[in-house]
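Scroll down for the structure; my scribbles are underneath it.
Start at 1 and go down the list; that is how both ligands and their atoms are numbered.
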Amino acid sequence: MKRLDTDVVVIGGGSTGLGVVRDAAMRGYRAVLVERVDLGQGTTGRFHGLLHSGGRYVVSDPGSATECAEENAILRRIQASAVEDTGGFFVTLAGDDPAYADKFLEGAKATGVPATEISVAEALRREPRLDPRIQRAIEVADGSVDGWQLVWGAARSAMAHGAKVLTYHRVTKIERDGDRVAAVICRDEKGGEDVRITCTFVLNCAGPWAGQIAEMAGAEPVAVVPGRGIMIAMNHRLVNTVINRCVYPTDGDILVPVHTVSIIGTTDIHETDPDHLPIPRKEVQQMLDAGEAMIPGFRKARALHAWSGSRPLIKDQRVSVEDTRHMSRGMAVIDHSQTDGLNGMLTIGGGKLTTYRLMAEHIVDAMCAQLGEQRACTTADEVIDFNNDPPKNYVITHRLEDREEDRLDDQIICECELMSKRMFVEALDEQPTGTLDDLRRQLRLGMGPCQGGFCSMRAAGIAHDHGAIDVERATGLLRMFLKNRWIGLWPILYGDQVRQTALNDWIYQGTLDVEHLPVPAEEVVR
Ligand SMILES: Cc1cc2nc3c(=O)[nH]c(=O)nc-3n(C[C@H](O)[C@H](O)[C@H](O)COP(=O)(O)OP(=O)(O)OC[C@H]3O[C@@H](n4cnc5c(N)ncnc54)[C@H](O)[C@@H]3O)c2cc1C
């Protein structure tokens, strides 16, 4: 068994865990983060893409509204390259109560969320696809945020401050020494070896899996309630501004432009197992109807991909456990020395991706307090994008710009997302044992209109040549990639998407006979 020794083990490589490991390392702690799969593969890779202005919560959850507004401003400063400054509108549709907009404006003032009412004519001028019957429009500072760029930025910053980030390390056991945590045991899923990490503190940032982790330490299951939501990416940018319905938060009331697509969502259903999240067709229809209500003709656009994620909500005593829609989005730190008599372990839940930095500050403050140490948090001051000076937000045309600057002779691998061979090879060099899905998350490989139809086999070929993997692993990776894409395709198979899927199938089965290519004895899963 391999052995490591550290001050703090952070469990979970989503936005919260990455924020926490960065914060702990910046305060001078030796910190190791362990994640059972790739970074941002849990809820953080399965969210809506909205950098909240706070507007959504000004009436329903004022505390969360203020936190979102403050963190929105900080993230734009420290992680500009992960944010697109789309701006946002809250619009009152024809059938909605126009008086809610007054409550909204009052709430925005009280919570410090910048919001200005604009004329309907101005809103329609800027977003001509909006339903022309809208009654009111309020402008807010929403943005679009790339969760994977955000977590990888935080990971690089944490590593620059001395932290270790171990992906594909699954926690299997937490050892105690009397009433203290003593070590975390992980399984290195790629190397096949167990790793024992002795430590003074464990920070449980496993999102909707936090209850499972707490149980491994012999603590009572923590009250994290998975609230599932589905989202659908439409095949182009139907809007360039985030569009929210100006109503009390409900299903399907937000449309977010993210890179080359726009994403409609979401639902909120209580689930018990965050590893098995369905995408029911009835919810797909509900989302398409919700999109149609904001943007007439929405259903004529092609739905490209659907997915579901599970909010790590903290049980809220005000509502029933089934009612995840109305549970607070506020964050909470659970101190296991208080709840279970277990020292050296804290769990965090709730919150949003937008507030990930603040969540980290809270839990690391709580750890310092328990250790009786005063070490100030500096994460809001240090810019993460050191290569992005002066700080620039990303814009939809950035890959075209880069290409025109110096990449015209670089072969394009993914036409939909303008991903070049050089970009792919650089990412492969950084993650030589990465799967095509791991590289997809960083590069958007196969995330555009063809959903991998043309680019994934090119990528598998390059991984074989450049990455020096054998042909069985290359074709195994390709099959795994196609299988994973399929999970988000079958619930939306209608209209033009059926044609695209049939074309992709013809390419893979008709020309490549992908089902019968040589593969390793065991299916490639990681
Ligand atoms: C449908 C939906 C839409 C959302 N939309 C938005 C939005 O638009 N804007 C916004 O700001 N927020 C949004 N959120 C909220 C946001 O996505 C989450 O709050 C945030 O991503 C949670 O991050 P996390 O790191 O706490 O959890 P996760 O990202 O789930 O990370 C937990 C990690 O723990 C790992 N893990 C589990 N078990 C183990 C183990 N045994 N060993 C090692 N690792 C383990 C998991 O693999 C996972 O990567 C949305 C959430 C949902 C569900």
Asn204 side-chain N/O to Ala210 backbone N/O, donor-acceptor pair under 3.5 Å: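 Pair found, side chain donor or acceptor close to backbone of Ala210.
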
Would you say Thr354's side chain and His52's backbone share a donor-acceptor pair under 3.5 angstrom?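 Answer holds: yes.
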
Do Gln286 and Asp251 have a side chain donor and acceptor closer than 3.5 Å?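 A donor-acceptor contact under 3.5 Å links the two side chains.
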
Once ring pair (Phe, Tyr, Trp, His ring centres under 6.0 Å) is applied, do any residues pair with His259, and if so which ones, sequence neighbours excluded?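 In terms of ring pair (Phe, Tyr, Trp, His ring centres under 6.0 Å), with neighbours along the sequence ignored, His259 is linked to Tyr394.
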
Listed by chain and number, what are the ring pair (Phe, Tyr, Trp, His ring centres under 6.0 Å) partners of Tyr29, not counting sequence neighbours?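 If we apply the ring pair (Phe, Tyr, Trp, His ring centres under 6.0 Å) test to Tyr29, skipping adjacent residues, there are no hits.
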
What residues form a salt bridge (charged side-chain N to carboxylate O under 4.0 Å, His left out) with Asp437, not counting sequence neighbours?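 By the salt bridge (charged side-chain N to carboxylate O under 4.0 Å, His left out) rule, Asp437 matches Arg440.
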
Give the residues near ligand 1 by chain and number, with the criterion being a heavy-atom distance under 4.0 Å.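 The 4.0 Å shell around ligand 1 contains Gly12, Gly13, Gly14, Ser15, Thr16, Val34, Glu35, Arg36, Val37, Gly42, Thr43, Thr44, Phe47, His48, Gly49, Leu50, His52, His169, Arg170, Val171, Cys205, Ala206, Gly207, Pro208, Trp209, Ile213, Gly229, Met231, Thr266, Gly309, Ser310, Arg311, Gly351, Lys352, Leu353, Thr354.
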
